[in-house]
Amino acid sequence: MNSTKTMSEAQTTSFIKNFFTKGDVRTLRAKKNISITFVCKGLSMLISFLVIPITLGYVGKEEYGVWMTISSIISWFAFFDIGLGNGLRTKLAESLALNDIERSKIYVSSAFAIITLISLLMFLLFFAASFFVPWNKVLNTTIIGNVDLRDLIIMVFFFFCVNFITNVTSSILQAMQKYALNEILLLAAQILGLIGVFILVNTTESSLFLMCLVYSAKTAVVMIIATLFLFWQNLKELRPSLRSIQIKEAMPLINLGFKFFANQILYLIVTQTTLFIVVQLFGPVE
């Protein structure tokens with residue numbers, strides 16, 4: 001029996017070794033990325049299971065329901081990139097495969113410029129419009145005053161706009177087949193959020209504003225640091241510059257992006273309206 005067990009362990013070890021050592025360069029890179037992504041996804045799921053009950057204990061059911069609804073509504077604006085992130089990922093992968101660094105830099109610089117402009121316009125319009133929205137009615141809650149609720153939503157939307165810009169970095173990493181690194185950064189944001197919530201629970205009274213600040217800022221902080229580090233170290237040749245912003249040359253990104261945009265809108269309607277409907281019909285607690 002021990003002999004059979006030892007043989008089975010040896011076969012398992014041999015399989016794992018062959019899995020990570022046999023194959024061409026692209027195959028081995030894919031296996032590595034898949035394995036790391038699988039681990040990161042699992043850890044992210046575990047962190048989510050840990051952080052939700054801690055957060056519920058910190059702010060209560062209704063406040064947490066308000067946060068979930070706010071994040072759901074604001075996530076709708078992610079589709080205002082008109083599919084540019086997906087377009088960049090596809091076209092950048094093509095230019096990098098051809099070793100066309102100049103065109104790759106034009107794609108990266110132009111994408112950052114367009115997304116930054118969209119983000120700035122979105123924030124200014126949202127900021128101005130937020131003063132005329134009856135947020136208590138929209139979110140069907142009276143637990144927070146309308147002014148405080150408006151300030152909270154503006155803060156969350158600001159960090160959303162920052163993430164909107166840094167998502168270009170994620171598209172670049174995916175175009176370079178660095179999916180594992182992208183997942184590691186997202187996992188780091190999850191860990192940062194867990195640490196932030198743990199600190200809040202042990203050092204402050206219940207505060208929806210502080211909780212939303214931690215949840216909103218965690219990804220922005222990680223991605224800003226990662227973006228600066230990558231472009232000044234590993235991705236120097238793709239570092240964005242004003243000289244490389246050429247909208248005419250970047251039109252393939254926009255044309256391809258619009259095709260993705262149509263699919264994104266359908267996805268938005270199917271998946272991102274549920275929480276809003278529940279809040280309107282039954283309230284944030286439900």
Side-chain angles (χ1 to χ4, degrees), residues 44-80 119 121-164 166-167 186 189-223 267-286:
S44 293
M45 189 180 299
L46 176 61
I47 291 173
S48 296
F49 281 126
L50 291 173
V51 78
I52 289 174
I54 295 174
T55 306
L56 279 170
Y58 177 64
V59 295
K61 292 181 180 179
E62 184 167 356
E63 291 92 336
Y64 190 75
V66 169
W67 154 247
M68 287 183 66
T69 310
I70 291 172
S71 61
S72 177
I73 292 173
I74 288 179
S75 68
W76 300 351
F77 290 87
F79 298 96
F80 277 81
S119 297
L121 290 175
M122 277 199 310
F123 181 76
L124 292 176
L125 290 173
F126 186 89
F127 180 84
S130 66
F131 287 85
F132 302 97
V133 177
W135 291 110
N136 287 116
K137 291 184 179 180
V138 171
L139 298 174
N140 194 19
T141 183
T142 57
I143 198 170
I144 308 171
N146 194 72
V147 174
D148 292 335
L149 200 53
R150 182 195 68 211
D151 294 342
L152 171 63
I153 292 171
I154 289 174
M155 181 269 294
V156 174
F157 193 74
F158 169 78
F159 282 109
F160 163 80
C161 288
V162 175
N163 289 329
F164 196 71
T166 58
N167 279 341
L186 295 178
Q190 288 278 76
I191 295 172
L192 182 62
L194 177 61
I195 294 172
V197 170
F198 183 79
I199 292 173
L200 289 181
V201 170
N202 288 278
T203 60
T204 66
E205 297 295 327
S206 175
S207 171
L208 180 60
F209 186 88
L210 291 177
M211 189 209 75
C212 290
L213 176 62
V214 168
Y215 272 27
S216 303
K218 59 185 176 67
T219 304
V221 170
V222 170
M223 292 306 297
Y267 175 83
L268 169 66
I269 294 171
V270 172
T271 65
Q272 299 298 314
T273 55
T274 308
L275 280 173
F276 181 73
I277 294 171
V278 170
V279 163
Q280 286 298 309
L281 294 178
F282 305 106
V285 175
E286 299 303 321

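A quick note: this is a predicted structure, and the numbers were derived from the prediction, not measured. For reference, positions follow the sequence shown, starting with 1.
Separation of the F160 and F157 ring centroids falls under the 6.0 Å cut-off.
Around the CZ atom of F132, the shell of radius 6.0 Å holds no more than 12 heavy atoms that belong to other residues, nucleotides or ligands. Heavy-atom contacts from other residues, nucleotides or ligands closer than 6.0 Å to CZ of F198 number 12 or fewer.
Among the candidates L213, D151, I74, the single residue satisfying the side chain to side chain contact (heavy atoms under 4.5 Å, CB included) test with V156 is I74. Of the candidates L50, L210, V51, V51 is the only one forming a side chain to side chain contact (heavy atoms under 4.5 Å, CB included) with V197.
Between M122 and C161, the shortest heavy-atom contact is CE-SG, 4.5 Å. Between L208 and E63 the shortest heavy-atom distance is CD1-O, 3.5 Å. In terms of heavy-atom proximity, P134 sits nearest to N146 at C-OD1, 3.6 Å. Contact detail for M211 and T55: the closest heavy-atom pair is SD-CG2, 2.8 Å. When all heavy atoms of A189 and K218 are compared, the pair lying nearest together is O-CD, 3.4 Å. The minimum heavy-atom distance linking S48 with Q190 is given by the pair OG-NE2, 3.4 Å.
The main-chain N or O of M68 is found under 3.5 Å from a side-chain atom of S71 such that the two form a donor-acceptor pair. Of the possible donor and acceptor atoms, none in the side chain of W67 sits under 3.5 Å from a partner among the backbone N and O of V59. When atom types are taken as modelled, the side chain of D148 and the backbone of I144 share no donor-acceptor pair closer than 3.5 angstrom. When atom types are taken as modelled, the side chain of N136 and the backbone of T142 share no donor-acceptor pair closer than 3.5 angstrom.
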- Task: Test I153 against R150 for side chain to side chain contact (heavy atoms under 4.5 Å, CB included), laying out the working first.
- Result: CA-CA 5 Å; I153 292 171; R150 182 195 68 211; 5.9 Å; no
- Query: Would I52 and Y64 satisfy side chain to side chain contact (heavy atoms under 4.5 Å, CB included), going step by step from the backbone distance to the final call?
  - Reply: CA-CA 9 Å; I52 289 174; Y64 190 75; 3.6 Å; yes
- Query: Stepwise, does the side chain to side chain contact (heavy atoms under 4.5 Å, CB included) test hold for I154 with F158?
  - Reply: CA-CA 6 Å; I154 289 174; F158 169 78; 5.6 Å; no
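A distance of 5.5 Å separates CG in L194 from CD1 in I54, rounded to the nearest 0.5 Å. Of the inter-residue distances, the one linking L200 atom CG with E205 atom CD reads 11.5 Å to the nearest 0.5 angstrom. We find the CD-CG distance between E62 and L139 to be 10.5 Å, quoted to the nearest 0.5 Å. Atom OG1 of T166 sits about 4.5 Å away from atom CG of N163, to the nearest 0.5 Å. Atom-to-atom distance recorded for T141:OG1 and L149:CG is 7.5 Å, nearest 0.5 angstrom. F159 contributes atom CZ, which lies 11.5 Å from atom SG of C212 (distance to the nearest 0.5 angstrom).
A 4.5 Å side-chain heavy-atom check between S130 and W135 finds at least one atom pair inside the cut-off. A heavy-atom distance below 4.5 Å is not found between the side chains of V214 and I199.
Between the side chains of Y58 and S207, no donor-acceptor pair is found at a separation under 3.5 Å.
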